[in-house]
Amino acid sequence: MGSLFEYAPAPESRAVVDIAPSYGLFIDGEFTDSADGKVFKTVSPATEEVLSEVARAGEADVDRAVGAARKAFATWSALPGSERAKYLFRIARIIQERSRELAVLETLDNGKPIKETRDADLPLVAAHFFYYAGWADKLDHAGFGANPRPLGVAGQVIPWNFPLLMLAWKIAPALATGNTVVLKPAETTPLSALFFADICRQAGLPKGVVNILPGYGDAGAALVGHPDVNKVAFTGSTAVGKEIARTVAGTNKKLTLELGGKGANIVFDDAPIDQAVEGIVTGIFFNQGQVCCAGSRLLVQESVQDELLDALKRRLSTLRLGDPLDKNTDIGAINSAEQLARITALAEQGEAEGAERWSPACELPSSGYWFAPTLFTGVTQAHTIARDEIFGPVLSVLSFRTPDEAVAKANNTQYGLSAGIWTEKGSRILAVANKLRAGVVWSNTFNKFDPTSPFGGYKESGFGREGGRHGLEAYLDV
């Protein structure tokens, strides 16, 4: 994209990460082939280059991994919390030591810009393990009664948009509370989870405490439905979340679901425009909009709508789309051809329904999966692009006149995961935030995360909380 300044290429070196030609499943502390010998390839979304061949887990592998986790649970849960904390602290430090390697790996496998994996993802991954390491010997004081007990084996299924961070959100509290884990990473981004398996061995974690099963939806379904799994944690689409809820219904399994979103970013007429523009850009174009809590609906007060949109378009014209390994890149690749097709179809539907589409002048690379930053104006609440989660760099702009109208429009969604408020008045922030039916409400910022803060949603955005003290409860018998 065009800019007042010319940026020389500043690529991060691929040499810092050594990707093997093939990887096995990680079961009971060892890498092993799948029972049926099936494999699949993982590719770089930016280039469509095959990165590695990975063993594909099936039902027999799930059974083997759950058996290993069950066996390890007896010893792991019996350890004093202070001993479990040592392993978590060790894992956190190794993640910090290997953060450059892991950031490059995540960028290659996921397609997101290196400055996001390096400056956001990896520091947060380490922070979650440090944070929950601190809780491991203090569970009696977490507010869940004396001597809370772990549940047993946790089956965890994570998405492709934040592969290593979602792993940390799931595994860190599970281990701190004395549970063992079988985790299935997304089929398009298995590599960082497999590198984490190596970190577990490097940290001396007892065998069977963490098991990693790359695979497709059938492996996830087998894990969720396995009779010896005591806890299911899922982050992903609402449709799959509903299917999981049906599977778990009637069993004694504990369940947390973190699903889709259609977050509203509300800009009032007294908001600092330049600051709000940066927050809007962060809210919807961070990680190419492939964020469940993305601020994909911009609600702007009518009196400042034209001024805000002019400033926003100017800012979008300075974003740089291209090689995710280049440290100057703002917009990376879409994670897969399937996701690109979904984004493209929904954007075309927005045009067909009469919304006005705009993107900055943007040359897309010839290979890989790319979508230019896009905003739609003239959007109503009836438009599909204002209702459905697009999960891409597409912003729908709606207007409002009064705070009550802003709240009504923000809450007019089947989702309830996130929202943002931009105003100089603290009283307005508090008044509006209390009326928004969203699990996370940011004020004069967006997409700020901290391991000490709980995260989760309402309605079709799921239930349960991850992060903070609240994140412990999901893994304890309270």
Side-chain angles (χ1 to χ4, degrees), residues 1 45 111 161 236-240 242 259-267 280-281 283-300 302 305-306 308-310 312-317 319 321 331-366 368-401 405-406 408-419 459-461:
M1 296 180 190
N161 57 339
S237 72
T238 295
V240 176
K242 289 179 177 179
L259 309 175
K262 194 69 180 175
N265 217 351
I266 306 169
V267 180
I280 294 163
V281 169
I284 184 58
F285 300 118
F286 178 73
N287 197 21
Q288 297 71 254
Q290 298 169 138
V291 184
C292 51
C293 57
S296 53
R297 289 182 299 149
L298 173 61
L299 304 181
V300 55
E302 274 188 8
Q305 182 177 10
D306 291 345
L308 181 74
L309 287 177
D310 287 346
L312 180 58
K313 288 178 179 180
R314 286 196 303 272
R315 180 67 179 93
L316 293 189
S317 298
L319 295 179
L321 179 148
I331 306 289
I334 302 302
N335 180 252
S336 66
E338 180 185 10
Q339 184 59 25
L340 177 60
R342 172 178 169 78
I343 297 167
T344 302
L346 283 167
E348 289 173 353
Q349 189 168 352
E351 283 188 285
E353 292 177 2
E356 185 177 341
R357 180 175 180 171
W358 183 90
S359 291
C362 183
E363 183 178 344
L364 302 182
S366 57
Y369 315 125
W370 305 90
F371 197 90
T374 299
L375 63 85
F376 280 95
T377 52
V379 179
T380 71
Q381 297 177 85
H383 280 90
T384 301
I385 55 173
R387 299 195 316 269
D388 289 4
E389 183 179 40
I390 299 173
F391 222 63
V394 180
L395 178 65
S396 298
V397 182
L398 301 92
S399 64
F400 67 90
R401 292 181 178 177
E405 184 185 356
K409 286 185 173 180
N411 287 339
N412 185 23
T413 173
Q414 71 266 38
Y415 299 108
L417 192 56
S418 67
K459 298 188 282 189
E460 291 195 9
S461 289

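What you are looking at is a predicted structure, and each value in this text was computed from that prediction instead of being measured. The chain is numbered in sequence order, starting from 1.
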Spell out, as yes or no, whether a donor-acceptor pair under 3.5 Å connects the side chain of Glu389 to the backbone of Gly261.
yes
Without swapping roles, check the side chain of Gln339 against the backbone of Phe391 for a donor-acceptor pair under 3.5 Å.
yes
Please report the shortest heavy-atom distance between Asn265 and Ile280, naming the atom on each side.
ND2-CA, 3.8 Å
Evaluate the criterion side chain to side chain contact (heavy atoms under 4.5 Å, CB included) for residue pair Asp388 and Gln349; output intermediate values, then yes/no.
CA-CA 11 Å; Asp388 289 4; Gln349 189 168 352; 5.9 Å; no
Could you grab the distance from atom NZ of Lys313 to atom OG1 of Thr377, nearest 0.5 Å is fine?
5.5 Å
Side chains of Ile343 and Pro393, heavy atoms from C-beta outward: is any pair under 4.5 Å?
yes
Using every non-hydrogen atom in the two residues, find where Asn411 and Lys459 come nearest and quote the distance to one decimal.
O-NZ, 3.4 Å
Would you say Glu302 has more than 12 foreign heavy atoms packed within less than 6.0 Å of its CD?
yes
With side chains defined as the heavy atoms from C-beta onward, is the minimum distance between Leu309 and Val300 less than 4.5 Å?
no
Does Lys262 reach the side chain of Arg387, with side-chain heavy atoms less than 4.5 Å apart?
no
From CG (Leu364) to CG (Leu321), nearest 0.5 Å
6.0 Å
Is there a side-chain contact between Pro360 and Leu319, using heavy atoms and a 4.5 Å cut-off?
no
Tell me if a side-chain donor or acceptor on Asn287 pairs with a main-chain N or O of Asn161 at a distance below 3.5 Å.
yes
Do Thr238 and Glu460 have side-chain N/O donor and acceptor atoms under 3.5 Å apart?
no
Check: Gln290 side chain, Asn335 main-chain N or O, donor-acceptor pair, under 3.5 Å:
yes
Just verifying a value: how many Å separate Leu398 CG and Phe376 CZ, rounded to the nearest 0.5 Å?
12.5 Å
Measure across Ile390 and Arg342 and return the closest heavy-atom pair with its distance rounded to 0.1 Å.
O-NE, 4.0 Å
Charged N to carboxylate O under 4.0 angstrom, Glu405 versus Lys409?
yes
Closest non-hydrogen contact found for Val291 with Phe286 is CG2-O, 3.5 Å
Is there a side-chain contact between Lys242 and Leu259 (heavy atoms, below 4.5 Å)?
no
Any donor-acceptor N/O pair, Ser461 side chain to Gly260 backbone, under 3.5 Å
yes
Please report the interatomic distance CH2(Trp370) to CD1(Ile331), rounded to the nearest 0.5 Å.
10.0 Å
Taking all heavy atoms of Ala294 and all of Gly289, pick out the closest pair and write down the distance.
CB-O, 4.1 Å
Do Val281 and Leu316 touch side chain to side chain, with heavy atoms closer than 4.5 Å?
yes
Close side-chain approach of Leu298 and Leu308, heavy atoms under 4.5 Å
yes
Can a donor-acceptor pair be found, under 3.5 Å and without considering hydrogens, that links the side chain of Glu353 to the backbone of Thr384?
yes
Drop me the distance from Cys292's SG to Tyr415's OH, to the nearest 0.5 angstrom.
11.0 Å
Where Ala355 and Val379 come nearest, the two heavy atoms and their spacing:
CB-CG2, 4.0 Å
Can you tell me how far CZ of Arg357 sits from CG of Leu375, rounded to the nearest 0.5 angstrom?
10.5 Å
